[in-house]
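Encoded as structure tokens, the structure appears first; notes follow it.
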Amino acid sequence: MSSIESITQGITDIPDNKTKKLGFPRYAEYNCAVKYFIDHAFDNAEYVLPPKLTRRSDELGVKYSPESVCFPFKTLLGSMIEVLEAGADTLVMPHGLCRLGYFGELMEQILRDMGYDFDFINMAAYNTGKKSDWIRMLKRMEPHPNVPKITKYAIEGDKMVGYLDDVTERYYENVGFDPSGEMKKIFRRFIAEMYKVDSRKEIEDLYQRTIDAFDSVKLNKPAHPIRVGMVGEFFTVMDPYSNLGLEQKIADMGVEVHRWMNISNRLLHYPGQKNMAVSIKDYTKYEMGPTATANIWAAKRYAEMGYDGIIHVKSAYCTPEIDVIPVLQNLCREYKLPLLCLSFGAQTSDVGVETRLEAFYDMVRAKAMRM
């Protein structure tokens, strides 16, 4: 029996007309797009917004997870528990790029062993490339899905993700040079309002207002600012809670921060492993994992563009990103770039991260002054 068959064995479409309360795990601020999509695409389903990740989320995930599983698994499990507590009766587990593709089965069993009663939709079970399987998945969310309507709002949700990634990128490039603190206010307002938009026009208007507001802020930015590139594991590098607000910490030191890894670049408009592998063939001959190729490619790109340093971010127990570290060390040695590797887990100290960042900043600043 194939792995997909084992996952889908026993799954049947649920033909009831009861309004389902759908819950997804919390992931950075991308839940705003999920909320918009569910609220508009389905007639008999509503979205249950999971609480923001907190220390409690971690504690729940750590308590009920296998010890050696990676930290994103524990964070996602904790978020799943909290969304069930918030009233969800149907959980949707996104399929992942690594072992996350198998996490759904384990998470479901753990939650059922805890006594929760729910319907579980594991997207990995339907990721076969067949349209019929995606329709089967939609029917588990709503018995009679309106496919044209769902497609329309999926496109608009995609647009939301693109705007979120673009605004986030602009923010971290410039917030470190805003003495007024206005950019932080604009960014917080943008995130809050993204959860309230009700139409494509509202999405586009909010995006344009935010870009205009950013452009109106007077920055104290040098002609050649210190630039740092961030690479790392898909979940931890993008989620501010999981990396202890790393990007903001770096930016607040007066640094222009760049992070290629986001939903838009890695999932929606990805150029493909083979295309990227061509430019990094001197550093690796084989595909090492879900984000390995992209991270090495992005790091090399930052090096070629004259960046002053690179930070690699991963979660505890993330095997693929452990393999990336020696490759990045070789690359940074060749380009004479400071490299900081950070691993995040339940016991990671905020003070410890700040201490290492300060030392890293001293290195990149010294390098920039020599140029």
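These values consider heavy atoms only, across backbone and side chains, with no hydrogens, waters or symmetry-generated copies.
In this structure, the side chains of F344 and S315 stay at 4.5 Å or more apart for every pair of heavy atoms. Annotation: side chain of L77 is not in contact with side chain of L60 (no heavy-atom distance under 4.5 Å). Using a 4.5 Å heavy-atom threshold, the side chains of L328 and V231 count as touching. Residues V237 and M230 form a side-chain contact, since some pair of their non-hydrogen atoms from C-beta on lies under 4.5 Å apart. At least one side-chain heavy atom of I311 sits less than 4.5 Å from a side-chain heavy atom of L357. Under the 4.5 Å side-chain criterion, counting only non-hydrogen atoms from C-beta, F103 is not in contact with N122. Side-chain contact between V324 and T284: absent, with no pair of heavy atoms (C-beta onward) separated by less than 4.5 Å. Y36 is not listed as a side-chain neighbour of M194, based on a closest heavy-atom distance of 4.5 Å or more.
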Report task. List the steps, then state whether side-chain contact (heavy atoms from CB on, under 4.5 Å) holds for H312 with L340. Result -> CA-CA 6 Å; H312 176 252; L340 174 62; over 6 Å; no
Requested in this report: Could you walk me through whether R112 and E108 pass the salt bridge (charged side-chain N to carboxylate O under 4.0 Å, His left out) test, one step at a time?
Outcome: CA-CA 6 Å; R112 296 204 186 283; E108 180 182 8; 3.0 Å; yes
Query raised in the report: Does the pair F177 and E256 meet the rule for a side-chain contact (heavy atoms from CB on, under 4.5 Å), with working shown?
Result: CA-CA 8 Å; F177 309 98; E256 184 177 303; 4.1 Å; yes
Report task. In sequence, state the C-alpha distance, the side-chain angles, and the governing distance for K184 and Q248, and then conclude on side-chain contact (heavy atoms from CB on, under 4.5 Å). Result -> CA-CA 10 Å; K184 291 182 180 179; Q248 189 65 61; 3.4 Å; yes
Requested in this report: Please test N44 against K20 for side-chain contact (heavy atoms from CB on, under 4.5 Å), starting from the C-alpha separation and ending with a verdict.
Outcome: CA-CA 6 Å; N44 292 306; K20 289 184 176 295; over 6 Å; no
Report task. Kindly determine whether E287 and T293 satisfy side chain to side chain donor-acceptor pair (under 3.5 Å), including the steps that lead there. Result -> CA-CA 7 Å; E287 171 54 40; T293 296; 2.3 Å; yes
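Placement of V147 and F42 within a single hydrophobic cluster is found when ILVMFWY residues are connected by side-chain heavy-atom separations under 4.5 Å, directly or transitively. At a threshold of 4.5 Å between side-chain heavy atoms, the hydrophobic network of Ile, Leu, Val, Met, Phe, Trp and Tyr places Y241 and M261 in two separate groups. Under the 4.5 Å side-chain heavy-atom criterion for grouping Ile, Leu, Val, Met, Phe, Trp and Tyr, M238 is not connected to F71 through any hydrophobic cluster. Transitive grouping of hydrophobic side chains (ILVMFWY, heavy atoms separated by less than 4.5 Å) brings M276 and I296 into a common cluster. Under the 4.5 Å side-chain heavy-atom criterion for ILVMFWY residues, a single connected hydrophobic cluster contains both I81 and L106.
Aromatic ring pairs are classed by plane angle as parallel below 30°, tilted from 30° to 60° and perpendicular above 60°; the pair Y47 and F24 is tilted. Using cut-offs of 30° and 60° for the angle between ring planes, the Y163 and Y207 rings count as parallel. Y27 and F234 have tilted rings, their planes meeting at an angle from 30° to 60° on a 0 to 90° scale.
The minimum heavy-atom distance between E156 and I203, with the atom names listed, is O-CD1, 4.2 Å. The two atoms that bring G345 and A316 nearest to each other are CA-CB, 4.3 Å, heavy atoms only. Residues A294 and Y270 come closest through the heavy atom pair CB-OH, 3.9 Å. Taking every heavy atom of both residues into account, P225 and D308 meet most closely at O-OD2, 3.8 Å. Annotation for N31 and P50: closest pair ND2-CG, 3.6 Å, computed over non-hydrogen atoms. Among all heavy-atom pairs drawn from G104 and M93, the shortest one is CA-CG, 3.9 Å.
A distance of 9.5 Å separates CG of D239 from CZ of R26, quoted to the nearest 0.5 Å. The CE atom of M114 sits 12.5 Å away from atom CE of M80, with the distance rounded to the nearest 0.5 Å. Atom-to-atom distance recorded for D178:CG and E182:CD is 7.0 Å, nearest 0.5 angstrom. With rounding to the nearest 0.5 Å, the separation of CG in D58 from OG in S65 is 10.5 Å. Note that CZ of F360 is 9.5 Å distant from SG of C341, once rounded to the nearest 0.5 Å. Considering CG of L206 and CD of E193, their distance stands at 5.5 Å, rounded to 0.5 Å.
D165 places a side-chain N or O within donor-acceptor distance of the main-chain N or O of S264, the cut-off being under 3.5 Å. D166 places no side-chain N or O within donor-acceptor distance of the main-chain N or O of G162, the cut-off being under 3.5 Å. Of the possible polar contacts, none joining the R140 side chain to the D119 backbone as a donor-acceptor pair under 3.5 Å is found. Put simply, the side chain of H269 never gets that close to the backbone of N265: no donor and acceptor are under 3.5 Å apart. Side chain of K249 to backbone of L244: a donor-acceptor contact under 3.5 angstrom is found. Without hydrogens or angle criteria, D158 side chain to A154 main chain gives no donor-acceptor distance under 3.5 Å. In this structure, D133 contributes its side chain and A125 its backbone to no donor-acceptor pair below 3.5 Å. Remark: side-chain polar atoms of D89 are not paired, donor with acceptor, to backbone N or O of F118 under 3.5 angstrom.
Figure legend: R356 and Y361 shown without cation-pi pairing, the cationic atom not lying both under 6.0 angstrom from the six-membered ring centre and within 45 degrees of its axis. Both cation-pi conditions hold for R227 and Y307: the charged atom is under 6.0 angstrom from the six-membered ring centre and inside a 45 degree cone around its axis.
No more than 12 heavy-atom neighbours from other residues, nucleotides or ligands sit within 6.0 angstrom of CG on N220. The neighbour count for K149 NZ, taken as heavy atoms of other residues, nucleotides or ligands under 6.0 Å away, is above 12. Atom NZ of K221 sits in a crowded spot, with more than 12 heavy atoms from other residues, nucleotides or ligands closer than 6.0 Å. The 12-atom threshold is exceeded at CG of D215, counting heavy atoms of other residues, nucleotides or ligands nearer than 6.0 Å. The number of heavy-atom neighbours closer than 6.0 Å to CD of Q347, taken from other residues, nucleotides and ligands shown, is 12 or below. Within 6.0 Å of the CZ atom in R365, the count of heavy atoms belonging to other residues, nucleotides or ligands does not exceed 12.
The closest side-chain donor-acceptor pair between H40 and D198 falls under 3.5 angstrom. For E233 and T291, the side-chain atoms include no donor-acceptor pair closer than 3.5 Å. Side-chain atoms of T236 and N243 include no donor-acceptor pair closer than 3.5 Å. Residues N295 and E321 bring a donor and an acceptor atom of their side chains to less than 3.5 Å of each other. Between the side chains of Y317 and E67, no donor N or O sits under 3.5 Å from an acceptor N or O.
A salt bridge links K201 to D205: one of the charged nitrogens lies within less than 4.0 Å of a carboxylate oxygen. The pair E247-R259 meets the salt-bridge criterion, with a side-chain N (NZ, NE, NH1 or NH2) lying under 4.0 Å from an Asp/Glu carboxylate O. With respect to the salt-bridge test (charged N to carboxylate O, under 4.0 angstrom), the residues R200 and E204 qualify. Between E85 and R56 a salt bridge is recorded (basic side-chain N to carboxylate O distance below 4.0 Å).
The distance between the ring centers of Y153 and F37 does not fall below 6.0 angstrom.
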